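Just so it is clear, the structure is predicted and the values come from calculations on it, not from any experiment. Atoms within each ligand, like the ligands themselves, are counted from 1 in listed order.
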Amino acid sequence: MFKLGDFDYHGKTVFLRLDINSPIKNGKIISDARFRAVLPTVIYLLEHGAKLVIGTHQSKPYKGDYITTEEHAAILSRLLGSEVEYVEDIFGKYAREKIKALKPGEVIMLENLRFAAEEVFYRPLEECERTFFVRKLSPLIDYVVNDAFAAAHRSQPSLVGFARLKPMVMGFLMEKEVEALTRAYGTEERPRVYVLGGAKVDDSLRVAENVLRNGKADLILTGGLVGHVFTLAKGFHLGDANLEFMEKKGLLKLVDWAERILDEFYPQVRTPVDFAVDYKGERLEIDLLSDEKRLFDEHPILDIGSRTVEKYREVLMKARIIVANGPMGVFEREEFAVGTVGVFRAIGESSAFSVVGGGHSIASIYQHNITGISHVSTGGGAMLSFFAGEKLPVLEAFRTSYERFKDAIKG
Ligand code: 3PG
């Protein structure tokens, strides 16, 4: 696959696909973690004289965090210390004129790519190649650099559509992510512990199934809604309030699947022994085997309990490899961040080679100054897809592009 150092970018127009899709509160971006992660690639290209056209998506149509990229451009300008001009267009005449007018070392940021209909669908590379987005921009571009690891599981025009038309190059972050995840997945070191939390339960079940079946994991620790589903699959009752919530989220239908995984791998899947609920506005911890668990009928579970954190910590301290994705609870509320922070902190303290991801939840790692994690992945769904053993369309596109251009470049 092509790496950044393979080409000379002086005076060349480079389309740089980033994933700086970020958590939003009251219409404002609240974490610049994904911006910082791609900074080395942006700086490298600018220092090497590229005319830089940056594209990113932010959320999806009709969602609350679906906003323009104006603030993204402002944040990147602040981090770079030089202007990143926000261009309120994607591939229309205005955007194309702006691209043509770029000078070496200058950079623009296109509008949220998902404002374009073609960018919202998942289609094979060949179809992405025929979109207006790719056809209009392709004649203006010399190279495509893709540093959007967090979107590597998406087959969309800006992510894969240029692969057979232009050399598609891995950015520094992409390279680092692929290297770390490949190491964690491919190694024979033991014990290998996976921590699966968060709300992407079906993705996590796919990971659990894959890593257990292929002998990639020795133990799986569960939390968040993944923990709920496995706890139910073990036959524990989690109370009406929690069942209703899970029903609404379409999670109850996944319990059978979790049961099938337990049928084969019961001792390898650990579930929480206690949980924290919101009781009159405060954190209350309840043991799964205690009588107090009737409170689950009226109070939603928002975190794993301290006893679970302690048990998980013991396992993590002995691990050689740790892969963790997703939070243990509603970490956005400080009193329910105990589980997530406790587990992430234990991972940082363990001497294992560790990879932690989970999309927006990694913000909590920075907020709580947790150190010692070998690799903090920017990927949520992309990371899960990787460990589920699936082919990631963006990684496939890099291979396609390399095969297509390697001889032409060498010649
Ligand atoms: C993410 O945050 O997981 C990536 O930005 C991908 O976003 P998506 O799930 O909306 O495609």
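Among the candidates Val226, Thr231, Thr308, the single residue satisfying the side chain to side chain contact (heavy atoms under 4.5 Å, CB included) test with Thr271 is Thr231. The side chain to side chain contact (heavy atoms under 4.5 Å, CB included) with Leu113 is formed by just one residue from the set Gln156, Arg17, Gln58; it is Arg17. Here the options are Glu111, His72, Glu71, the test is side chain to side chain donor-acceptor pair (under 3.5 Å), and the partner is Tyr86; only Glu111 passes.
Of all heavy-atom pairs between Thr378 and Ala37, the closest is CG2-CB, 3.8 Å.
A cation-pi arrangement, defined by a distance under 6.0 Å to the six-membered ring centre and an angle within 45 degrees of its axis, is present between Arg135 and Phe132.
The shortest separation from a heavy atom of Met383 to ligand 1 is not under 4.0 Å, leaving the residue out of contact. By the 4.0 Å heavy-atom criterion, Gln58 is excluded from the residues contacting ligand 1.
Counting only heavy atoms of the protein, atom 1 (C) of ligand 1 lies nearest to Arg34 NH2, 3.7 Å.
Between Arg154 and ligand 1, at least one N/O pair is under 3.5 Å apart.
Less than 6.0 angstrom separates the ring centroid of His228 from the ring centroid of Phe275.
Listed by number with element, the atoms of ligand 1 under 4.0 Å from a non-hydrogen atom of Asn21 are 1 (C), 2 (O), 4 (C), 5 (O), 7 (O). Within the listing of ligand 1, atoms 4 (C), 5 (O), 6 (C), 7 (O) sit less than 4.0 angstrom from a heavy atom of His57. Taking every heavy atom of Arg114 and a limit of under 4.0 angstrom, the matching atoms of ligand 1 come to 8 (P), 10 (O), 11 (O). Ligand 1 places these atoms under 4.0 Å from at least one heavy atom of Asp19: 4 (C), 5 (O), 6 (C).
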